[in-house]
S.K.: 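This is the structure I want to talk about, given as structure tokens.
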Amino acid sequence: MEILFLCLNTSDSCAFYRSTGIVKDLQKKINDRIIVADWSKVPLDWGFFSQYDLIMFQKPYTKQELNMCRYIKHLGIKIWIDYDDNLLAVNPENAAGPNLYHDPSVQENIKGILKLADAVSVPTEELRECYLQYNDNIRVIPNAFNDSIFFRPELPKRTNQVLWRGPESHILDLMTYADAINKATEQFTDWRFIFMGYYPWFLHETINKGFNKWIQDIIVYHKFIFDLAPAVLHIPLADNVFNRCRSNIAFIEGTFAGAVCVTPDWWNAPGSLPYTDPQSYYDAIRSVLAGEVDKVFQNKMAWEYIMDCLRLSKINVLRLELINSLI
């Protein structure tokens with residue numbers, strides 16, 4: 001059996017969690033060949049597509065991809081679509097929203113692709129619920145810790161560092177919890193708050209605030225946050241449809257790095273400190289920095305949950321079931 005994974009970028013973080021990065025383990029489970037390719041660089045004709053029994057498109061949204069799906073259906077080949085975000089509800093503060101996904105033609109492309117798919121995979125139940133009106137065969141396949149690439153060595157001693165990571169599309173999320181973050185940075189002056197990927201200019205300037213550029217290579221990124229040894233990784237998310245559909249990769253990455261994670265309560269992430277509003281957000285950070293939380297125990301509980309429930313070698317069984325249902 002021949003399977004083709006088509007991506008727009010075969011080496012970005014989305015591909016790491018949803019396509020390229022999951023192939024090594026998945027291929028061992030199915031004993032068949034999986035090819036990963038950039039869809040803009042392959043021949044778009046029957047001679048190429050007809051070599052495959054199943055084609056997976058990751059995050060398609062263009063008219064060309066919609067037409068490709070129609071063409072592949074005419075060839076009698078099964079189509080599997082994977083989305084990691086709710087592209088029909090991208091927030092306006094995210095530049096990709098008004099500049100791309102809010103375009104009515106793009107919205108129609110995505111809906112048309114969903115309707116054509118023989119199967120759709122998404123990382124969260126909330127995203128599944130949003131897409132069910134366009135396809136009734138949608139499976140939740142969570143993002144997972146890639147145990148075919150990474151292993152976690154002994155954790156270094158925790159440092160007095162608090163980490164946030166993310167791009168500028170999280171500006172509303174940071175603004176929503178700005179007062180809580182400001183209060184923590186001003187109260188705990190012996191702690192260094194690091195913002196990685198985006199510099200939140202609207203937060204109060206303190207001697208503790210640090211900034212790191214985003215690290216594009218995900219392998220280097222994982223090593224960086226592990227060596228940083230933060231005590232806390234906090235994840236502010238405004239409560240809206242798009243964020244409710246998000247996966248919890250920040251929790252996975254922060255736990256891998258040995259941190260206690262401050263997470264939205266709807267994630268239900270064992271070992272993390274959940275929040276529901278700015279006050280509980282501040283309370284969660286304060287409890288760790290004040291020494292009221294057993295950091296080792298909390299991280300251990302979170303890591304055990306990831307190893308039990310969110311390890312790629314286990315999650316890929318869900319992809320195997322999806323493949324077997326189609327072929």
Side-chain angles (χ1 to χ4, degrees), residues 11-29 84 123-124 141-166 191-197 210 212-235 246-264 267-274 284-285 287-289 291 293-319:
S11 60
D12 65 6
S13 60
C14 184
F16 176 80
Y17 281 104
R18 308 295 296 177
S19 58
T20 312
I22 61 95
V23 164
K24 180 180 178 181
D25 175 80
L26 182 60
Q27 200 157 244
K28 293 177 182 177
K29 288 177 167 55
D84 67 324
T124 66
I141 301 180
N143 286 329
F145 175 77
N146 195 322
D147 55 335
S148 69
I149 294 179
F150 294 122
F151 73 98
R152 190 170 84 156
E154 182 178 349
L155 291 171
K157 182 181 178 181
R158 295 299 92 191
T159 60
N160 276 22
Q161 299 188 99
V162 178
L163 178 63
W164 174 88
R165 31 68 87 214
W191 286 78
R192 182 170 180 246
F193 284 71
I194 298 174
F195 297 87
M196 181 180 181
N212 286 87
K213 292 183 178 179
W214 188 255
I215 299 173
Q216 296 294 336
D217 187 288
I218 198 160
I219 308 303
V220 178
Y221 160 77
H222 272 79
K223 177 171 172 46
F224 176 84
I225 63 170
F226 184 87
D227 293 343
L228 190 68
V232 178
L233 186 141
H234 57 120
I235 308 151
R246 281 186 187 274
S247 72
N248 61 356
I249 60 172
F251 163 71
I252 296 172
E253 294 168 359
T255 301
F256 164 76
V260 176
C261 294
V262 175
T263 64
W267 278 3
N268 296 312
S272 70
L273 303 181
I285 295 179
S287 65
V288 182
L289 275 50
V293 171
D294 186 334
K295 296 186 289 292
V296 173
F297 174 78
Q298 292 296 134
N299 181 263
K300 181 175 182 290
M301 185 162 49
W303 186 243
E304 287 177 351
Y305 166 71
I306 290 169
M307 288 295 95
D308 288 342
C309 303
L310 294 177
R311 199 165 12 139
L312 182 63
S313 55
K314 291 188 174 184
I315 294 299
N316 262 347
V317 172
L318 301 176
R319 290 187 173 92

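Heads up: numbering here begins at 1 and tracks the sequence.
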S.K.: Kindly determine whether K213 and M196 satisfy side chain to side chain contact (heavy atoms under 4.5 Å, CB included), including the steps that lead there.
M.R.: CA-CA 6 Å; K213 292 183 178 179; M196 181 180 181; over 6 Å; no

S.K.: When you look at Y17 and I249, which way does the side chain to side chain contact (heavy atoms under 4.5 Å, CB included) test go after all the steps?
M.R.: CA-CA 9 Å; Y17 281 104; I249 60 172; 3.8 Å; yes

S.K.: Go through the steps to decide whether R18 and I141 satisfy the test side chain to side chain contact (heavy atoms under 4.5 Å, CB included), and finish with yes or no.
M.R.: CA-CA 9 Å; R18 308 295 296 177; I141 301 180; 4.2 Å; yes

S.K.: Donor-acceptor pair, R158 side chain versus P156 backbone, under 3.5 Å?
M.R.: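 Answer holds: yes.
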
S.K.: If you define the side chain from C-beta out and look only at heavy atoms, does anything of N299 sit under 4.5 Å from L155?
M.R.: yes

S.K.: For residues L26 and L312, determine if any side-chain heavy atom of one lies less than 4.5 Å from a side-chain heavy atom of the other.
M.R.: no

S.K.: Taking it one step at a time, do R152 and W303 satisfy side chain to side chain contact (heavy atoms under 4.5 Å, CB included)?
M.R.: CA-CA 10 Å; R152 190 170 84 156; W303 186 243; 3.3 Å; yes

S.K.: With the side chain counted from C-beta on, respond yes when I22 and F16 share a heavy-atom pair under 4.5 Å apart, and no when they do not.
M.R.: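 No - every pair of side-chain heavy atoms lies 4.5 Å or more apart.
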
S.K.: How about L273 and T263: do any of their side-chain heavy atoms sit closer than 4.5 Å?
M.R.: no

S.K.: Check whether any side-chain heavy atom of T124 sits under 4.5 Å from a side-chain heavy atom of R246, and report yes or no.
M.R.: no

S.K.: Hey, could you give me the CG/NZ distance between D25 and K314, rounded to the nearest 0.5 Å?
M.R.: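 Going from the CG atom of D25 to the NZ atom of K314 covers 12.5 Å.
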
S.K.: Taking the side chain as every heavy atom from C-beta outward, state whether F145 and M307 have any atom pair closer than 4.5 Å.
M.R.: yes

S.K.: Which pair of heavy atoms, one from A257 and one from P230, lies closest together, and at what distance?
M.R.: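 Minimum heavy-atom separation between A257 and P230: O-CD, 4.3 Å.
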
S.K.: Are any non-hydrogen side-chain atoms of P142 and L310 less than 4.5 angstrom apart?
M.R.: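 In contact.
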
S.K.: Supply the atom-to-atom distance N146 CG to F256 CZ, rounded to the nearest 0.5 angstrom.
M.R.: 11.0 Å

S.K.: If I compare all heavy atoms of A250 with all of C261, which pair ends up nearest, and what's the gap?
M.R.: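 That closest heavy-atom pairing would be O-SG, 4.3 Å.
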
S.K.: If you round to the nearest 0.5 Å, how far is CG of L228 from CD1 of I194?
M.R.: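 It is 4.5 Å, given to the nearest 0.5 Å.
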
S.K.: Tell me every residue that passes ring-ring contact (aromatic ring centres under 6.0 Å, His included) with Y221, counting only those two or more places apart in sequence or in another chain.
M.R.: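 Checked Y221 against ring-ring contact (aromatic ring centres under 6.0 Å, His included); matches are W214.
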
S.K.: About how many Å separate CZ of F193 and CD of Q161, when rounded to the nearest 0.5 Å?
M.R.: 11.0 Å

S.K.: Less than 4.5 Å apart, any side-chain heavy atom of P270 and any of E304?
M.R.: no

S.K.: Could you pull out the closest heavy-atom pair between I235 and F251, with the gap in Å?
M.R.: CD1-N, 3.9 Å

S.K.: Determine yes or no for a side-chain-to-main-chain donor-acceptor pair under 3.5 angstrom, with S287 supplying the side chain and A284 the backbone.
M.R.: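 The answer is yes, because a donor-acceptor pair under 3.5 Å joins these two groups.
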
S.K.: Any chance NZ of K29 has more than 12 other-residue heavy atoms, nucleotides or ligands included, within less than 6.0 Å?
M.R.: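 Atom NZ in K29 is crowded, with more than 12 foreign heavy atoms closer than 6.0 Å.
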
S.K.: Just verifying a value: how many Å separate N248 CG and E253 CD, rounded to the nearest 0.5 Å?
M.R.: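 It comes to 10.0 Å.
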
S.K.: From S247 OG over to W267 CH2, what is the distance, rounded to the nearest 0.5 angstrom?
M.R.: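 Here the interatomic distance stands at 7.0 Å.
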
S.K.: Could you check whether any side-chain N or O of K24 sits under 3.5 Å from a backbone N or O of I149, counting only pairs where one atom can act as donor and the other as acceptor?
M.R.: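 Side chain of K24 to backbone of I149: no pair is present.
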
S.K.: List in chain and number order the residues that pass side chain to side chain donor-acceptor pair (under 3.5 Å) with R319, two or more places apart in sequence or in another chain; answer none if no residue qualifies.
M.R.: N316

S.K.: What heavy-atom pair brings K157 and A229 nearest, and what distance separates the two atoms?
M.R.: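 Heavy atoms only, the tightest pair is O-CB, 3.5 Å.
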
S.K.: Please check this pair: side chain of R311 against backbone of D147, looking for a donor-acceptor N/O pair closer than 3.5 Å.
M.R.: no

